[in-house]
Amino acid sequence: MRLASGIRLFSSISKPFRRIETARQLAQRMTALPNTYDGSVSIAVIGGTGLRELPGFTQVASLSVSTPWGEPSSPISILHHHCKHNDKTVAIAFLSRHGLHHQLAPHEVPARANIAALRSIGVRSIIAFSAVGSLQEAIKPRDFVVPDQIIDRTKGFRPWTFFDGGMVAHVPFGDPFDEGIAKVVRKCGHSLEGDGVVLHDEGTVVCIEGPQFSTRAESKMYRSWGGSIINMSVLPEAKLAREAEIAYQMICMSTDYDCWHESTASVTVEMVMGNMKANADNARRFVTAVLDTLATDEYSDLVQAKHLAGSIKFGVSTPQPHWSPEAQKKLGWLFPGYF
Ligand SMILES: CSC[C@H]1O[C@H](OP(=O)(O)O)[C@H](O)[C@@H]1O
Ligand SMILES: Nc1ncnc2[nH]cnc12
């Protein structure tokens with residue numbers, strides 16, 4: 001259903017008889033909205049494959065943010081969400097990882113611009129959504145996984161840090177996701193169990209370079225390494241969020257068994273999109289439950305990532321008087337008033 005003032009998530013997931021809004025119509029609708037927003041926005045959702053919008057949320061602005069690292073993948077939608085727990089309206093930011101037309105390959109996603117743009121509008125916590133392959137029999141297509149670890153198989157082509165070009169800093173990444181947000185996500189996912197949602201509480205996501213899927217030998221090797229699921233998107237997004245002091249958790253939805261499974265056909269885009277469509281309603285209910293819970297006062301400090309605020313100052317190796325002018329300028333933009 002196309003809501004009058006609202007927007008739809010999983011736009012390409014509508015039933016065949018429904019009138020589907022094209023990417024161009026979506027872009028036109030976004031252009032017609034205000035490009036400014038005065039309220040505060042602490043939480044963002046990054047939508048991945050098959051997740052272009054959030055349905056049932058009222059879109060009130062579409063922000064075109066320019067950063068020292070370029071333009072983000074898409075305008076940032078500001079959505080109003082009525083929280084069912086406390087009767088308050090909260091603002092959520094939404095960004096489409098691969099662009100409004102899914103025109104950006106995983107290695108082309110401007111992750112630094114995306115994270116910097118979100119931080120610049122006040123975002124301090126991100127729920128990132130990803131369509132993933134399963135590397136384990138027990139994780140069936142359409143199951144959800146809340147990953148807690150990552151294995152990096154990207155090839156070093158993607159810019160992966162804010163701290164370069166004349167200054168050096170190092171952040172801890174032993175636990176690449178935010179455990180506080182993960183707890184909320186798990187609780188919400190389990191509350192929907194029996195109602196169609198199957199949730200795995202942990203898992204190691206292997207992030208490959210893509211855009212090609214893996215070979216069978218690679219897929220089997222990732223299984224032998226202890227990989228649970230596989231995608232092309234969690235990095236450098238998660239690393240950059242950590243550098244930007246943003247609490248980041250990915251929610252993964254399994255869409256295929258990659259190519260290791262003896263009795264199942266190897267992954268294709270059709271398979272990925274088919275399972276995303278089939279499970280769209282569960283994904284929507286899951287994300288909504290998470291946002292409803294995070295919007296309550298109980299999670300206010302978590303959502304504002306108070307536990308991460310200021311942490312980057314301890315990771316800086318280059319004394320500030322020795323930073324290049326370019327680094328001063330860029331990091332001054334990302335962390336106003338910090339240095
Ligand atoms: C279309 S299959 C491969 C594609 O799907 C996943 O996208 P996302 O993580 O943005 O949902 C995967 O990472 C690949 O980019
Ligand atoms: N098998 C797979 N490999 C990498 N990314 C994926 N996204 C969905 N399925 C995938």
Side-chain angles (χ1 to χ4, degrees), residues 9-13 44-54 72-74 94-111 114-115 126-137 139-147 150-155 157-158 177 203-223 225 227-238 240-241 248-261 264-280 283-284 286-287:
L9 165 91
F10 308 106
S11 49
S12 50
I13 297 177
V45 174
I46 298 183
T49 294
L51 180 50
R52 198 175 67 180
E53 296 187 273
L54 284 175
S73 303
S74 75
F94 182 86
L95 181 69
S96 183
R97 183 183 289 124
H98 300 283
L100 293 182
H101 312 268
H102 201 124
Q103 73 275 23
L104 298 165
H107 63 283
E108 293 171 329
V109 171
N114 288 352
I115 298 294
I126 293 177
I127 305 294
F129 207 89
S130 176
V132 300
S134 167
L135 297 171
Q136 300 295 333
E137 183 81 50
I139 302 172
K140 299 189 169 47
R142 305 188 195 173
D143 286 3
F144 292 90
V145 182
V146 185
I150 303 175
I151 293 175
D152 187 356
R153 283 278 297 166
T154 62
K155 300 280 163 68
F157 303 133
R158 310 174 183 194
F177 298 103
T204 296
V205 53
V206 177
C207 186
I208 61 170
E209 183 59 48
Q212 302 83 359
F213 292 113
S214 307
T215 66
R216 212 176 311 286
E218 287 166 341
S219 194
K220 288 181 176 173
M221 179 178 73
Y222 301 146
R223 275 166 56 73
W225 287 356
S228 318
I229 47 179
I230 182 165
N231 76 3
M232 306 175 190
S233 303
V234 69
L235 294 175
E237 201 169 88
L240 294 164
Y248 177 96
Q249 180 62 50
M250 186 164 258
I251 300 180
C252 298
M253 198 191 95
S254 162
T255 52
D256 52 84
Y257 274 121
D258 202 34
C259 58
W260 60 270
H261 201 279
T264 308
S266 295
V267 55
T268 61
V269 169
E270 194 184 4
M271 200 183 277
V272 171
M273 296 310 292
N275 278 314
M276 284 297 296
K277 278 183 195 173
N279 220 19
R284 181 192 58 74
F286 194 171
V287 175

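Along the sequence shown, residues carry numbers from 1. Both counts, for ligands and for their atoms, begin at 1 and track the order of listing. For the numbers below, each heavy atom of this structure counts, side chains included, while hydrogens, waters and symmetry mates do not. Everything numeric here is computed off the predicted structure, so don't read it as measured data.
For atom 7 (O) of ligand 1, the closest non-hydrogen atom of the protein is Thr49 OG1, 2.8 Å. In terms of protein heavy-atom proximity, atom 10 (C) of ligand 2 is nearest to Gly133 N, 3.4 Å. When hydrogens are left out, the protein atom nearest atom 9 (N) of ligand 2 is Asp256 OD2, 2.7 Å; that is the closest non-hydrogen contact. Nearest non-hydrogen protein atom to atom 6 (C) of ligand 2 is Ile230 O, 3.7 Å. Ranking protein heavy atoms by distance to atom 6 (C) of ligand 1, first place goes to Ala131 O, 3.2 Å. The single protein non-hydrogen atom nearest to atom 7 (N) of ligand 2 is Ala131 O, 2.9 Å, given as residue, atom name and distance. For atom 10 (O) of ligand 1, the closest non-hydrogen atom of the protein is His98 NE2, 2.5 Å. When only non-hydrogen protein atoms are considered, atom 5 (N) of ligand 2 lies nearest to Asn231 CA, 3.4 Å. The protein heavy atom nearest to atom 2 (S) of ligand 1 is Phe213 CZ, 3.7 Å.
Between Ser214 and Cys259, the shortest heavy-atom distance links the atoms O-SG, 3.6 Å. In terms of heavy-atom proximity, Phe177 sits nearest to Pro147 at CD1-O, 3.3 Å. The shortest non-hydrogen separation linking Met271 to Ser266 is CE-O, 3.2 Å.
Looking at Arg97 against ligand 1, only its side chain comes within 4.0 Å, counting heavy atoms. Residue Asp258 touches ligand 2 through backbone and side chain together, judged by heavy-atom distances below 4.0 Å. No part of Met273 comes within 4.0 Å of ligand 1, judged by heavy-atom distances. In Thr255, the part holding a heavy atom less than 4.0 Å from any atom of ligand 2 is the side chain. By the criterion of a heavy-atom distance under 4.0 Å, the backbone of Val132, and not its side chain, is placed next to ligand 2.
Listed for the Glu237 side chain is no donor-acceptor partner under 3.5 Å among the backbone atoms of Ile115. Under the 3.5 Å distance criterion, the side-chain polar atoms of Ser73 are left unmatched by any main-chain donor or acceptor of Gly99. Side-chain atoms of Gln103 come within 3.5 Å of backbone N or O of His101 as a donor-acceptor pair. Counting only distance, with no hydrogens or angles, the side chain of Ser130 and the backbone of Val132 share no donor-acceptor pair below 3.5 Å.
Comparing heavy-atom distances from atom 4 (C) of ligand 2 across Met232, Glu218, Glu209 singles out Met232 as nearest. Between atom 15 (O) of ligand 1 and the options Gly48, Pro106, Ser130, the minimum heavy-atom separation is to Pro106.
In terms of polar-atom proximity, Val272 is not counted as a contact of ligand 1, lacking any N or O under 3.5 Å from an N or O of the ligand. Not a single N or O atom of Asn231, backbone or side chain, sits closer than 3.5 Å to an N or O atom of ligand 1. Residue Ile208 has no N or O atom closer than 3.5 Å to an N or O atom of ligand 2.
With values rounded to the nearest 0.5 angstrom, His98 atom NE2 is found 11.5 Å from Ser74 atom OG.
The shortest distance between side-chain heavy atoms of Ile230 and Trp260 does not fall below 4.5 Å. Met253 is not listed as a side-chain neighbour of Phe286, based on a closest heavy-atom distance of 4.5 Å or more.
Asp143 and Ser254 share no side-chain donor-acceptor pair at under 3.5 Å.
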| task | Walk me through it: do Arg158 and Glu209 pass the test salt bridge (Lys or Arg N to Asp or Glu O under 4.0 Å)? | result | CA-CA 9 Å; Arg158 310 174 183 194; Glu209 183 59 48; 3.2 Å; yes
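For ligand 1, the atoms lying closer than 4.0 Å to a non-hydrogen atom of Met232 are 12 (C), 13 (O), 14 (C), 15 (O).
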